[in-house]
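Okay, structure first, notes after.
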Amino acid sequence: MENRQENETEGSKLPVENHEKGGSTQGAESVSGRPRRFGRGIYDKTDTPIRLLDGFIVGVIIVIVVMVVVFALFGGYTVAFDTSGGTEIASQKLRYGNYIEKPEDPVRQGYEFAGWYYEGHEEETWDFSVDKVGGDLTLIARWEPAEVTVKFDADGGQMPEGVESMQVTYQGFYGELPIPEKEGRQFAGWEYSGEKITADSMVMMPGEHVLTAMWE
């Protein structure tokens, strides 16, 4: 009779012990609260949590978009100046939609500066008070041949009354030249630096120069 009671007592304890063990195991799993990890495939070594990975990717995308927008609106574009043989002018870094600061006019010997234009718009002149920056840009200088003063040395002869100099265009032709007179001598033309100059000669001196009379 006592043995039966002891067996019943032991039997009744086993389920309780199993229940307690099972309960303690489940409790350990829930208490840890560790998120599932994407620990296979290309992330096997890093074992990065999916939430962190997603956040990192979103963060990178946001940074890239912000950088593109900031560069377009505030980072600036480069405006260069091609003086086509004139004095150099420094480039400018400007934001989108800004006006270009008008530089000093470049200088080129034999030519007069006639404004700026950009490729594809040769017939137009850039207006610094109206036109705005919309991207990287190169402004090109427009030049026109300068007017050159030519003076005359009659070498002892007499120039026609009122004629002391004349205006010609650089890289143009001299055109009709005055004829001086000298007693006992015959006029043989004009020369500059050992070269005879006639009406059909091209003006190669970019600045003021003097023609000297030749006599026979």
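Worth knowing before you read on, the calculation uses all heavy atoms, side chains too, and leaves out hydrogens, waters and symmetry mates.
No chain of hydrophobic side-chain contacts below 4.5 Å, direct or via other Ile, Leu, Val, Met, Phe, Trp or Tyr residues, connects Ile140 to Val133. In the hydrophobic cluster analysis, where Ile, Leu, Val, Met, Phe, Trp and Tyr join through side-chain heavy atoms closer than 4.5 angstrom, Ile179 is grouped apart from Phe173. Hydrophobic cluster membership differs between Val210 and Ile197, with clusters built from Ile, Leu, Val, Met, Phe, Trp and Tyr side chains linked at under 4.5 angstrom. A continuous path of hydrophobic side-chain contacts links Phe128 to Phe113 [ILVMFWY only; heavy atoms under 4.5 Å].
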Just do the side chain to side chain contact (heavy atoms under 4.5 Å, CB included) check on Gln167 and Thr149 with the steps written out, would you?
CA-CA 5 Å; Gln167 295 295 118; Thr149 300; 2.7 Å; yes
Intermediate values then yes/no, side-chain hydrogen bond (donor to acceptor under 3.5 Å, both in side chains), Thr198 and Asp200:
CA-CA 5 Å; Thr198 68; Asp200 296 327; 5.0 Å; no
Worked check of side-chain hydrogen bond (donor to acceptor under 3.5 Å, both in side chains) between Thr169 and Glu147
CA-CA 5 Å; Thr169 302; Glu147 292 294 307; 2.9 Å; yes
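Judged by distance alone, the side chain of Arg142 and the main-chain N or O of Glu124 form a donor-acceptor pair under 3.5 Å. Put simply, the side chain of Asp131 gets close to the backbone of Asp127: a donor and an acceptor are under 3.5 Å apart. In terms of modelled atom types and a separation under 3.5 Å, the side chain of Glu191 and the main chain of Met214 share no donor-acceptor contact.
Here CE of Met202 is found 7.0 Å from CD of Gln171. Values are rounded to the nearest 0.5 Å. A distance of 9.0 Å separates CE in Met205 from OH in Tyr170, rounded to the nearest 0.5 Å. Distance check: Ile100 CD1 to Lys132 NZ gives 12.5 Å after rounding to the nearest 0.5 Å. One finds the CG atom of Leu139 at 11.5 Å from the NE2 atom of His121 (value rounded to the nearest 0.5 Å). The distance from the CZ atom of Phe187 to the NZ atom of Lys182 is 11.5 Å, given to the nearest 0.5 Å. Put simply, OG1 on Thr138 and CH2 on Trp116 are 10.5 Å apart, with the number rounded to the nearest 0.5 Å.
The closest side-chain heavy-atom distance from Trp215 to Asp155 is below 4.5 Å. The shortest side-chain heavy-atom distance between Tyr111 and Ser84 does not fall under the 4.5 Å cut-off. Side-chain contact between Val79 and Phe81 is present, with at least one heavy-atom pair separated by less than 4.5 Å. Ser129 places none of its side-chain heavy atoms less than 4.5 Å from the side chain of Tyr99. Counting heavy atoms from C-beta outward, Tyr192 and Thr212 have side chains that stay 4.5 Å or more apart. Looking only at side-chain heavy atoms (C-beta outward), Met159 and Phe152 come within less than 4.5 Å of each other. In this structure the side chain of Met166 reaches within 4.5 angstrom of the side chain of Leu177, judged on heavy atoms. Looking only at side-chain heavy atoms (C-beta outward), His209 and Val148 come within less than 4.5 Å of each other.
For Tyr174 and Trp190, the gap between ring centers reaches or exceeds 6.0 Å. For an aromatic pair to be called close, the ring centres must be under 6.0 Å apart, and Tyr117 with Trp126 fails this.
Minimum heavy-atom separation, Ala213 to Ala154: CB-O, 3.6 Å. Nearest approach of Glu112 to Ala146, heavy atoms of both residues: CG-CB, 3.8 Å. Across all non-hydrogen atoms, the minimal contact from Gly115 to Thr125 is CA-CG2, 4.3 Å.
Taking a cutoff of 4.0 Å between a charged side-chain nitrogen and a carboxylate oxygen, Lys151 and Glu208 qualify as a salt bridge.
More than 12 heavy atoms of other residues, nucleotides or ligands shown are found within 6.0 angstrom of CD on Glu122. Counting non-hydrogen atoms of other residues, nucleotides and ligands closer than 6.0 Å to CD of Gln158 gives a total of 12 or fewer.
In this model, no donor atom of one side chain and acceptor atom of the other lie less than 3.5 Å apart for Glu88 and Thr83.
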